[in-house]
Peer 1: 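My structure is below; once you've seen it, I'll send some questions.
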Amino acid sequence: MCFSYTQIVFNIPRGTRDFTPEDMQKRRYLEKSMSDTFNSFGYGEVQTPMFENLDLFTAKSGEGIIDEIYSFPDKGGRNLALRPELTAPVMRFYVEKMQMEPKPLKLFYFGNCFRYDRPQKGRYREFMQAGCELIGTNTPEAQAELIAMAYKLLENAGLKTITLSIGNLNILSVLFEKLGLSKENQKYLTPLIDKSQFEDVYDALVDFNVKPKDATAFLEILQSSDVEKISEYLKDNEIVKKELNDLKIITGLLENAFDVKDYEIKMSIVRGLDYYNGLVFEIEAPCLGAEKQLCGGGAYDLIELFGGRESPTSGFAIGFDRTLIALETEGYKFTIPQLDAYLISVNEDVLEKTLEIAQMLRKQKITTDVDLLRRGIGKSLKYASSINAKKAIIVGPKELEQDSVTIKNMETGDQEIVKIKDIVSKIK
RNA sequence: GCCCGGGUAGUGUAGCCUGGUCAACAUAUGGGACUGUGGAUCCUCUGUGGCGGGUUCAAAUCCCGCCUCGGGCCCCA
């Protein structure tokens with residue numbers, strides 16, 4: 001070798017992915033399916049920048065999340081962050097520019113997000129989130145519609161087996177109060193509850209001087225999906241009365257109006273973040289393993305935190321990549337794109353005419369490709385077959401004498417000579 | 001950040017334990033057999049041990065570090 005140089009091999013950064021045309025076909029399908037569903041519920045799409053001021057995220061989630069945020073100072077010394085999620089940016093957008101829009105305001109979004117975390121299946125450092133915010137209402141029907149839409153988004157995309165769980169944080173905190181637990185003790189318990197480690201919860205409760213009898217009753221309610229039973233247990237509490245009543249309306253609407261019958265009431269749903277209040281829900285895909293949560297959401301207060309005028313808000317986020325993996329795992333049949341026509345010119349003399357015909361077809365919205373390698377007819381047909389073309393069009397001097405081409409049906413092998421002006425109607 | 005298991009041509013695999021006779025098989029891609037008719041067959045080119053170091057006369061094989069993928073924690077989408 002005349003020159004000596006070090007060959008540098010560039011690798012994709014950890015936790016990120018490249019997508020092939022086949023991958024993108026699937027991703028675009030899912031995106032289309034989801035945005036159709038959002039639109040059908042009257043939601044409008046918004047988009048926010050890929051990076052924001054770091055403060056936006058620490059204000060929402062606390063300093064703790066800096067560990068998993070990609071943040072950096074820009075050349076002007078501003079502390080910026082690649083967005084780790086989309087609720088905060090969208091709420092910032094709302095407070096900054098959309099507060100005077102008529103209510104309720106229904107917004108949805110797709111966007112890639114970034115988190116510095118240990119990658120594994122269904123968990124990446126750059127990932128796609130879909131989600132929505134419903135601003136200006138917290139009626140039971142609004143919340144029922146929100147939950148139903150989350151469910152339909154996944155169902156319409158083609159998922160067969162998903163589990164929906166609904167909880168309520170206000171009821172949970174009343175349960176805590178009833179046991180006389182300090183905030184600190186509650187904080188210790190919530191992760192255990194979230195992970196359904198009820199034996200550990202029991203042990204901890206006893207350590208916190210809760211009577212065994214009360215602890216058992218508490219755990220029973222936590223694991224119960226019977227609204228009446230929870231109602232009975234907490235009947236003397238006024239705050240809970242309204243929440244439980246709303247919950248009954250919500251589940252009634254889900255079953256009767258929205259045809260979502262497959263759900264579970266679970267007071268043990270916690271959600272990680274402090275700004276949730278009242279209703280919370282989660283949807284999981286059991287086929288996924290450790291990273292099986294597809295969707296999480298509920299009602300929350302963020303507007304005031306970002307300096308806006310108080311207004312009830314709820315929303316949810318869906319893990320786009322996980323949804324796609326779940327579809328693949330379930331064996332969903334994605335449609336394979338087919339090229340309508342593949343043009344082959346017999347020799348170089350008719351090349352220009354071939355390209356001219358290709359342009360004419362493309363104008364008529366016929367997907368068209370042309371042999372660009374000057375390969376023989378045999379090789380070209382083989383190529384047309386391998387890219388799954390519906391028709392091969394052979395352009396040669398013989399046919400051109402009569403202003404015609406040969407059209408070959410790649411599935412049946414039949415072929416016929418067709419006038420150039422008739423190609424479009426023949427193919428359509 | 002922690003524990004565990006992997007990484008061999010573009011893709012899928014064999015070999016590793018027991019170091020040498022080992023880098024193989026299949027498939028895919030380009031070219032040709034075939035200068036106007038495909039999914040077949042045959043020929044041929046291209047391409048490989050994640051990276052670095054150590055042990056050894058000799059490393060895909062044994063040891064260490066790193067990178068990376070996967071399973072499980074943690075956290076969450």
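Letters go in sequence order (proteins before strands), and every chain restarts at 1. Predicted model, so just to flag it, every value in this text is computed and none were measured.
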Peer 1: Which nucleotide, rG38(B), rC75(B), rG36(B), lies nearest any side-chain atom of Ser385(A)?
Peer 2: rG38(B)

Peer 1: Tell me whether the OP1 or OP2 atom of rG31(B) has a side-chain N or O from Arg375(A) closer than 4.0 Å.
Peer 2: yes

Peer 1: Tell me: CZ of Arg17(A) to P of rC69(B), nearest whole Å?
Peer 2: 11 Å

Peer 1: Taking the nucleotide of RNA chain B with the nearest heavy atom to each, does Gln120(A) or Ala317(A) sit closer to the 5' end?
Peer 2: Gln120(A)

Peer 1: Given rG36(B), rG71(B), rA40(B), which nucleotide is nearest the side-chain atoms of Lys382(A)?
Peer 2: rA40(B)

Peer 1: Using whole Å, report how far CZ of Arg123(A) lies from C1' of rG70(B).
Peer 2: 13 Å

Peer 1: Rounded to whole Å, how long is the line connecting atom CD of Glu291(A) with atom P of rG72(B)?
Peer 2: 8 Å

Peer 1: So, Arg123(A) and Asp321(A), do they make that salt bridge, N to O below 4.0 Å?
Peer 2: no

Peer 1: Whether Arg322(A) contacts rA77(B) is assessed here as follows: a side-chain N or O lying under 4.0 Å from the phosphate OP1 or OP2. Is that the case?
Peer 2: no

Peer 1: P atom, rG53(B) versus rA40(B): distance in rounded Å?
Peer 2: 45 Å

Peer 1: For Ile393(A) and rG38(B), give me the distance from atom CD1 to atom P, rounded to whole Å.
Peer 2: 18 Å

Peer 1: Between rG38(B) and Tyr383(A), is there a base-stacking contact, meaning the centre of the base's six-membered ring lies under 5.5 Å from the residue's ring centre while the planes stay under 30° apart?
Peer 2: no

Peer 1: Identify the nucleotide, in any strand shown, that forms a Watson-Crick or G-U wobble pair with rC66(B), with both distances under 3.5 Å; if there is none, say none.
Peer 2: rG50(B)

Peer 1: Less than 4.0 Å between a side-chain N and a carboxylate O, is that true for Glu328(A) and Lys26(A)?
Peer 2: yes

Peer 1: Where the side chain of Lys379(A) is defined as all heavy atoms beyond and including C-beta, which of rG31(B), rG36(B), rC76(B) is the nearest nucleotide?
Peer 2: rG31(B)

Peer 1: At less than 3.5 Å, do the side-chain atoms of Glu399(A) and the base atoms of rG36(B) form a donor-acceptor pair?
Peer 2: yes

Peer 1: Rounded to the nearest 0.5 Å, how far apart are OG1 of Thr216(A) and CG of Leu205(A)?
Peer 2: 9.0 Å

Peer 1: Using 30° and 60° as the class boundaries, would you call the ring planes of Phe320(A) and Phe110(A) parallel, tilted or perpendicular?
Peer 2: perpendicular

